[in-house]
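Just so it is clear, the values below take in all heavy atoms, side chains as well, and ignore hydrogens, waters and symmetry mates.
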Amino acid sequence: MKTYLTILLAFFLLMPAYGQKKSEPLVVTSVSGGNSYRQKGKSKIEIKAGSKLTEKDIIIIDPGVTMIAVAPAQKLRYTFKGVYTGIIENYVKQNESSCVKSITAKYVNYLLAQAFHRGKDYTGAKEDNEVTVFRRVGLESDSVTLSLGAVDSLYNTIDSLSAAPIDSL
């Protein structure tokens, strides 16, 4: 009887450890259409790309906002849309079919790269690739051919048909 009670007691003591799964933090990869916030006590902290959230965090999503987050180890993408105030875990339970999607490791890496490189501006980046352009136009549409009336008499002009300069008039 004593052994039975010891085993039963050990079972009840260890049972909560099995019931609790360790949750992985979610990494926010994008927030579009407005703002979303994490509630910490009485303050609201804006959620941006690269922010980390847990399932127990309270979030506030403004109307029209779409927020995407990933759980890298689990290879899951979470999409939060619309107006919502509450715990992330509850949002996922209510919208599991439209919120959670299994993705590939390559896509996880892509989303994480987007999250952490979003602040960089590539608009002035130089391109060093070579390109070849072919045109199919008649001689009358050739952009290099100039009419003699448009030629300035101070400059020599070469048309696309001849290699010799045309003398000024």
Side-chain angles (χ1 to χ4, degrees), residues 1-137 141 143-144:
M1 182 72 170
K2 187 176 180 184
T3 307
Y4 176 73
L5 288 175
T6 305
I7 293 172
L8 190 59
L9 181 62
F11 175 75
F12 285 118
L13 290 175
L14 294 175
M15 191 170 168
Y18 288 110
Q20 296 175 348
K21 62 178 181 179
K22 195 167 190 175
S23 65
E24 172 185 15
L26 303 176
V27 179
V28 177
T29 59
S30 68
V31 178
S32 60
N35 295 319
S36 60
Y37 303 94
R38 176 179 20 185
Q39 185 76 35
K40 283 284 193 183
K42 292 183 180 182
S43 63
K44 291 192 311 187
I45 301 166
E46 186 176 357
I47 299 172
K48 297 180 180 179
S51 298
K52 291 185 180 180
L53 303 171
T54 67
E55 291 181 344
K56 300 297 183 188
D57 281 337
I58 298 170
I59 58 172
I60 302 165
I61 301 176
D62 289 346
V65 173
T66 299
M67 181 173 70
I68 297 176
V70 295
Q74 297 173 344
K75 297 181 188 122
L76 295 175
R77 182 188 72 191
Y78 294 84
T79 304
F80 303 94
K81 288 184 179 183
V83 181
Y84 180 75
T85 300
I87 298 173
I88 291 176
E89 185 177 39
N90 292 342
Y91 182 93
V92 171
K93 285 179 184 175
Q94 293 170 3
N95 303 292
E96 192 161 353
S97 63
S98 64
C99 175
V100 183
K101 182 174 182 184
S102 181
I103 59 176
T104 65
K106 190 172 186 177
Y107 190 46
V108 169
N109 291 336
Y110 170 77
L111 289 175
L112 291 175
Q114 290 290 92
F116 294 111
H117 297 293
R118 186 160 296 256
K120 294 187 179 180
D121 184 17
Y122 295 105
T123 56
K126 293 184 179 181
E127 292 289 332
D128 59 355
N129 297 331
E130 296 178 15
V131 65
T132 303
V133 177
F134 295 100
R135 296 185 302 168
R136 288 188 185 200
V137 294
S141 302
S143 61
V144 180

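- Looking only at side-chain heavy atoms (C-beta outward), Val92 and Glu55 stay at 4.5 Å or farther from each other.
- Across all their heavy atoms, Met67 and Val28 have their closest contact at CG-CG1, 3.9 Å.
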Discussion item. Side chain to side chain contact (heavy atoms under 4.5 Å, CB included) for Tyr110 and Gln114? Distances and angles first, verdict last.
Written reply: CA-CA 6 Å; Tyr110 170 77; Gln114 290 290 92; 3.6 Å; yes

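- A donor-acceptor distance shorter than 3.5 angstrom exists from the side chain of Asp57 to the backbone of Thr54, with no hydrogens or angles considered.
- Of the listed residues (Asn109, Leu26, Ile103), just one forms a side chain to side chain contact (heavy atoms under 4.5 Å, CB included) with Val70, and that residue is Ile103.
- Applying the ring-ring contact (aromatic ring centres under 6.0 Å, His included) rule to pairs touching residues 46-104 yields Phe80-Tyr91, Tyr84-Tyr91, sequence neighbours excluded.
- Minimum interatomic distance between Leu76 and Ser102 (heavy atoms only, all atoms of both residues): CD2-CA, 3.9 Å.
- Gln74 places no side-chain N or O within donor-acceptor distance of the main-chain N or O of Glu24, the cut-off being under 3.5 Å.
- Expressed to the nearest 0.5 Å, how far CD1 of Ile59 lies from CG of Leu53 amounts to 7.0 Å.
- Note that CG of Asp62 and OG of Ser36 are 7.5 Å apart. Values are rounded to the nearest 0.5 Å.
- One finds the CG atom of Leu112 at 7.5 Å from the OG1 atom of Thr29 (value rounded to the nearest 0.5 Å).
- For residues 37-48, the set of pairs meeting the side chain to side chain donor-acceptor pair (under 3.5 Å) definition, not counting sequence neighbours, comprises Asn35-Tyr37.
- In terms of the side chain to side chain contact (heavy atoms under 4.5 Å, CB included) criterion, residue partners of Thr79 (sequence neighbours excluded) are, by chain and number, Thr66, Ile68, Arg77, Lys81.
- Listed here is the closest heavy atom pair of Ala115 and Ala49: O-CB, 3.7 Å.
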